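Heads up, the thing below is written out as structure tokens.
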Amino acid sequence: MPIEQFNIIESTLREGEQFVGANFTTEQKVCIAEALDRFGVEYLELTSPAASPQSLEDLKVITGLGLKAKILTHVRCTVEDAALAVDTGVTGIDVVIGTSSVLRKFSHGKDIPAIIAMACEVVDYIRGQGLEVRFSTEDSFRSVPEDILGIYEQVDKLGVTRVGIADTVGVATPMQVYNLVSTLRQRVKCDIEFHGHNDSGCAIANAFCALEAGATHVDTSILGIGERNGIPSLGGLVARMYAYDRDLVKKYNLPLIGELDHMVAEMVGVDIPFNNYITGITAFTHKAGIHAKAVLNNPETYEILSPQDFGLTRYISIAHRLTGWNAVKSRAEQLGLPIPDDEIKRLTGHIKELADRRALTLDDVDSVLREWADEHGSGGA
Ligand code: HCA
Ligand code: CU
């Protein structure tokens, strides 16, 4: 079905804290929360207050900031954990329990009827406290579908705010996600959240398919940080949604993506990958002469994302053997060198020959153009 709207549950401060390089201080958490709030995500999900005394304190600090984003915390499926979260000022509590046979056997040892009983008790308790409650089944795609659909139906009847499907190990394919969410959409009235890991490269595609199948909320983290290789990155999901329908992401402050990515990369000690969505160093770089010519005529020819919408600029790489005369001409114009087209074409041939012999830099190209201008007395800046 067409996607008409969607919500982001930004989990840098929960799933992201499970990234091996993440050890956020209170100040860093505040910086992240405030920046995400300026960006405009609907929800922030924070680590359980049961995780450590500092986690409890930090949760209260963040709920005390008075942000527009709703604050959630993420707890195990027990009344004790939920009770710890109730007085922290959160809008809602995300509850999760493993439902696959491998997790039931090796993680908590409960069977499905016991899980249903715990889920109902906790959902009922949180509802009774007047908070939003989300119930999610960990490792949904290695669980028996009827098991989890049955649990979702039960908690839906109790008035759960959202149910969550979690691809905990990153095993699901987009088609499987589409099918499970579509089936779930028929069976519950509440909102549906999708949380998917990226172990086999499908996290963003899976999140997108979940939305196409009727999910209402998607989990992200900045740069995708999380357990192992993480979940959909905020920038990647936004790029996907922008490419689908720009109007869907108008509600966000898109030029902040760069600041968010750089800030978190530094905090967790990683570089932004060269091929990262939007903020990768090559994300808006065009190289081949054929591409450069078309992009110079109309950027839409080879860009589905407009860099200026993200506060960025495109770059046309010209110092190589695949270059073309349109790109070289554009460079000459940038330098203020009025060189006639037939000469630009000849100089482009020369640049290609040079590039066949050694790697060139933009300075090399500029020198070729400037030398011509000096010889012909045509000035330039
Ligand atoms: C975890 C597992 C989780 C939970 C997702 C959810 C997952 O607690 O670390 O609550 O929807 O990937 O299953 O992140
Ligand atoms: Cu996860």
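No experiment lies behind these values; they were computed from the predicted model shown. Read the numbers this way: they start at 1 and go in the same order the structure lists the ligands and their atoms.
- Ring geometry for Phe141 versus Phe194: interplanar angle over 60°, hence perpendicular rather than tilted (30 to 60°).
- Remark: Glu42 does not engage Lys70 in a salt bridge, criterion side-chain N to carboxylate O under 4.0 Å.
- Taking the six-membered ring for Trp and thresholds of 30 and 60 degrees, Tyr302 and His291 have nearly parallel ring planes, at less than 30 degrees apart.
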Please tabulate, for side-chain N and O atoms in residues 84-91, each donor-acceptor pair with protein atoms closer than 3.5 Å (sequence neighbours left out).
| from | atom 1 | to | atom 2 | distance (Å) |
| --- | --- | --- | --- | --- |
| Thr88 | OG1 | Ala85 | O | 2.5 |

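- Distances from the Cu ion (ligand 2) to the N/O/S atoms of Glu15 are shortest for OE1.
- Pocket lining of ligand 1, defined as residues with a non-hydrogen atom under 4.0 Å away: Arg14, Glu15, Gln18, His74, Val96, Arg134, Ser136, Glu138, Ala166, Thr168, His195, His197.
- Between Phe284 and Phe310, the ring planes are parallel. Angles under 30° get that label, and only those over 60° would be called perpendicular.
- Atoms OG and CE, from Ser182 and Met1 in turn, are 6.5 Å apart once rounded to the nearest 0.5 Å.
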